[in-house]
Protein chains: 2
Amino acid sequence: MSVGIRHDDLRRRNRAMVIAAVRRAGQPSRTEIAATTGLSHSTISAISSDLIDEGILTESKANEPAASLKRGRPQIGLALNPEAAAVVTVVLSLNFLSVAVIDYAGQVVAEEQRRLDTLTMPREQLIGECVAIVRRRLEDPDLDVGSVARIAMGIQGITDSHARAMLWSPITPLTDIPFADILEKEFAIPAAMENDCNMMAVALQWRDPARYRDNFIAILLSHGIGMGLVLKGELFMGTHSSGGEFGHMIHRPGGALCRCGRRGCVEAYAGNYAIWRSAMGLSEDAEPTDVGDPEMRALAIKARQGDGPEREAYRRAGQALGFGLGSLFALIDPAPVAMVGVSAAAFDLIEPALREAIAQTAGGQHSKSISFDTEPNELPLIREGCAMRALNFVDQEIFAPGMQARTGKHVA
Amino acid sequence: MSVGIRHDDLRRRNRAMVIAAVRRAGQPSRTEIAATTGLSHSTISAISSDLIDEGILTESKANEPAASLKRGRPQIGLALNPEAAAVVTVVLSLNFLSVAVIDYAGQVVAEEQRRLDTLTMPREQLIGECVAIVRRRLEDPDLDVGSVARIAMGIQGITDSHARAMLWSPITPLTDIPFADILEKEFAIPAAMENDCNMMAVALQWRDPARYRDNFIAILLSHGIGMGLVLKGELFMGTHSSGGEFGHMIHRPGGALCRCGRRGCVEAYAGNYAIWRSAMGLSEDAEPTDVGDPEMRALAIKARQGDGPEREAYRRAGQALGFGLGSLFALIDPAPVAMVGVSAAAFDLIEPALREAIAQTAGGQHSKSISFDTEPNELPLIREGCAMRALNFVDQEIFAPGMQARTGKHVA
DNA sequence: AGTATTTTTTTGAGGCTCGAAAAAAAGGGC
DNA sequence: GCCCTTTTTTTCGAGCCTCAAAAAAATACT
């Protein structure tokens with residue numbers, strides 16, 4: 001039910017807004033913050049004074065030296081205090097686990113990576129590895145453990161809409177692992193379980209806000225096909241699960257066998273295994289197999305060398321993606337698309353058929369104006385997204401909490 | 001850019017919230033409002049006192065007599081003052097134009113309907129008819145014209161996302177008619193141009209909030225296939241146009257000819273003309289034709305009588321709708337669906353194939369839990385939706401405006 | 001050095017919401 | 001019939017928050 005706005009919520013929200021403005025802008029002056037938030041100078045002054053007293057922000061005299069040529073009292077840049085808090089990101093992907101500790105200003109202060117056989121690992125061991133790698137980072141004597149305010153874990157696969165559990169993942173036969181609860185209980189630090197493609201979208205929004213602002217799509221072209229969707233500037237998630245199962249939209253009813261067991265999904269034509277299967281001349285009913293990134297890169301090279309089954313496989317992948325995107329664009333209006341993952345490096349092979357297919361769909365009216373970016377490496381994006389997610393949580397929930405007995409307001 | 005919350009916004013929003021609570025609950029007491037909004041009694045008392053002074057609300061002593069058995073001071077019901085404002089709804093559909101005047105409490109106080117040949121009518125005449133029918137209602141001596149605060153026009157077809165213009169419609173070859181601007185200029189009353197399926201969704205939310213609250217889908221099965229989508233309790237609209245062109249998702253790449261000129265759209269299998277074409281044994285390439293509601297009803301009767309091309313046509317329609325819904329449910333999670341329009345009356349013929357198709361898609365995991373409602377008559381729904389839309393506009397934009405010099409606060 | 005310019009802080013006023021207490025309006029019990 | 005209890009509504013004072021304007025601060029220009 002919609003609920004009224006309490007008086008104290010106001011300060012809370014405006015605090016969060018100031019923090020967000022500083023995080024976005026880097027080192028804005030109070031005046032800049034006032035301009036972007038629309039609040040008055042006095043309000044900004046009061047709030048930032050509080051935040052500095054609480055150690056959340058710091059004044060950094062060193063504003064851009066170029067600006068010092070201006071007349072008048074020089075602006076004082078406000079920056080996030082790196083020591084105000086820290087967050088931990090955990091990214092679990094196929095046979096690979098990586099952790100990073102990130103300070104409040106967003107700098108990586110420590111990391112650790114580890115190979116493991118996720119496909120065969122039993123439940124307890126997989127959970128154990130994740131907990132252990134976090135524990136090792138937290139036990140680092142250089143780290144002030146008390147300052148770790150959030151753990152964000154990203155995983156390939158479907159998570160629940162409350163960001164608590166992994167429901168299903170291609171990297172393990174295991175299902176329904178409540179990683180967020182497990183980590184929270186283990187370390188007494190608030191945790192979240194995020195979907196990989198959603199984190200990619202968050203990272204893109206952070207990396208290039210000019211291009212990826214209000215509406216855009218991040219598509220992971222890897223073993224499976226995943227999607228992160230941002231609408232009106234917000235991550236779009238399903239009501240129960242992490243959302244957009246773009247890879248499992250139906251491309252051809254009753255068509256090729258998909259890893260999910262159904263037939264005709266987009267992924268059954270555009271996933272790594274599908275491209276491989278098609279290039280090798282195997283049946284569309286052939287059981288999906290794991291194909292490594294080096295093999296896929298070799299396949300792309302072969303496809304570029306001349307017309308043949310390899311090039312045809314990429315063409316079919318492009319067609320499936322194009323019709324899928326076309327249907328998506330029929331529902332939401334066209335938006336910028338980022339292609340991420342190993343097959344994004346072969347996007348030159350995919351794009352022609354993809355554009356042709358889009359042009360045949362409702363979204364195709366603007367097919368020429370739709371632009372694609374490619375990024376072959378998904379892992380850094382996922383980690384960055386987790387970091388931003390976690391930091392935003394700290395910004396909003398820890399440093400601008402619902403009810404807080406704020407102390408020492410007028411320190412004078 | 002996200003903007004701070006101003007202090008005066010607070011009262012504005014809480015006013016809007018009180019009005020909304022009264023509109024939803026009928027005749028709530030101040031205590032009930034305080035409970036549902038979470039605001040304090042004193043705030044509610046102050047706001048409702050203002051609203052009564054301004055003639056927006058009225059006290060209606062006559063609370064449910066059943067409640068008078070309770071001890072204590074009896075609650076005073078608050079109701080919307082029907083005379084506080086009025087709105088006009090205009091619904092333009094195939095060969096049919098209807099207008100209604102509705103008071104602030106939501107009661108219809110006047111209406112007029114008119115047949116006209118929308119398909120052949122030239123631009124100026126179509127606009128002229130719409131303006132003229134509104135003018136006749138506004139000239140009604142029984143009506144206090146000054147109180148008309150909003151005109152909401154609903155039309156079958158695509159509108160722009162700002163609710164200003166009709167971009168395209170199946171009921172006329174004309175395109176890009178800025179009806180909202182035209183009506184606004186003509187009558188100096190704020191106007192909006194709404195999409196029919198979106199209004200159906202708004203009406204469903206109002207009629208049965210228990211079932212249609214946060215996430216649901218309204219699908220119009222008529223000449224074309226349209227969709228209204230509500231996510232998180234809000235109408236989902238595209239960034240440029242009115243949104244969900246569900247009917248033009250691709251069902252079979254390169255398949256049957258659609259009215260939109262492309263091939264394989266859901267509509268090319270499930271629209272009236274598609275069912276008719278299929279039942280008559282015509283080619284999938286046959287030019288779409290207009291089929292009247294009586295013919296469609298006759299077709300459904302024939303299909304129920306025995307297996308044959310008619311039944312097969314409905315089966316195919318169900319299959320197309322099922323795969324479309326399945327793809328939609330892959331993107332958003334499954335939600336209740338309302339089928340509206342003449343073919344909703346033949347839903348018994350459509351449902352088996354539809355459910356079978358859904359079960360083959362990603363959304364199919366929950367296919368048994370997905371429930372369908374049917375409503376054969378779309379026009380009342382569209383009008384109701386327009387009325388609610390217009391009234392909500394008055395609630396929020398007129399009676400809780402951004403900046404207002406409120407007068408006579410403490411009348412004592 | 002003095003003036004101009006721009007940023008930041010301070011101050012006072014006005015509004016809003018909240019909690020507590022008072023007032024109002026019934027029904028119930030004796 | 002009168003007083004007490006219960007519940008709703010209003011009133012009142014306090015505490016915050018924001019805003020606008022003025023004051024203070026810091027630097028460039030002349």
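What's counted below: heavy atoms across the whole structure, side chains too, no hydrogens, waters or symmetry copies.
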- Message: Assess whether a salt bridge exists between B:Asp395 and B:Arg150, defined as any Lys/Arg side-chain N lying under 4.0 Å from an Asp/Glu carboxylate O.
- Response: no
- Query: Between atom CG in B:Asp9 and atom P in C:dG14, what is the gap in whole Å?
  - Reply: 21 Å
- Item | Minimum-distance nucleotide to B:Ser45 side chain [options: D:dT27, D:dT10, D:dT8] | D:dT10
- Closer than 4.0 Å, any side-chain N/O of B:Ser40 to the OP1 or OP2 of C:dG19? no
- Query: DNA chain D: A:Leu10 or A:Arg73, which has the more 5' nearest nucleotide?
  - Reply: A:Leu10
- Item | Worked verdict on A:Leu229 versus A:Leu235 for side-chain contact (heavy atoms from CB on, under 4.5 Å) | CA-CA 6 Å; A:Leu229 182 58; A:Leu235 257 188; over 6 Å; no
- Between A:Asn14 and D:dC17, does any side-chain N or O lie under 4.0 Å from OP1 or OP2? no
- Is the shortest distance from a Lys or Arg side-chain nitrogen in A:Asp208 or A:Arg211 to a carboxylate oxygen in the other one below 4.0 Å? no
- Quiz item: A:Ser42 side-chain donor-acceptor pair to D:dA21 base, under 3.5 Å: no
- Could you tell me if the ring centre of B:Phe393 sits under 6.0 Å from that of B:Phe399? no
- Message: Rounded to whole Å, please give me the gap between CD1 in A:Ile44 and C1' in D:dA20.
- Response: 15 Å
- Task: Would you mind reading off the distance between B:Arg11 atom CZ and C:dC16 atom C1', rounded to a whole angstrom?
- Result: 7 Å
- Rounded distance in Å - CD (A:Glu32) to P (C:dT6): 15 Å
- Task: Write down the distance between NE2 (A:His41) and P (D:dA23), rounded to a whole number of angstrom.
- Result: 18 Å
- Query: To the nearest Å, how far apart are B:Arg30 CZ and D:dT11 C1'?
  - Reply: 14 Å
- Query: Could you state the CZ-P distance from B:Arg71 to D:dT7, rounded to the nearest angstrom?
  - Reply: 7 Å
- In whole angstrom, what separates A:Asp50's CG from D:dC16's C1'? 12 Å
- Item | Given D:dT9, C:dG19, D:dT18, the nucleotide with the shortest approach to the side chain of B:Ser29 | D:dT9
- Query: Are any of the side-chain nitrogens in B:Arg164 or B:Glu194 under 4.0 Å away from the carboxylate oxygens of its partner?
  - Reply: no
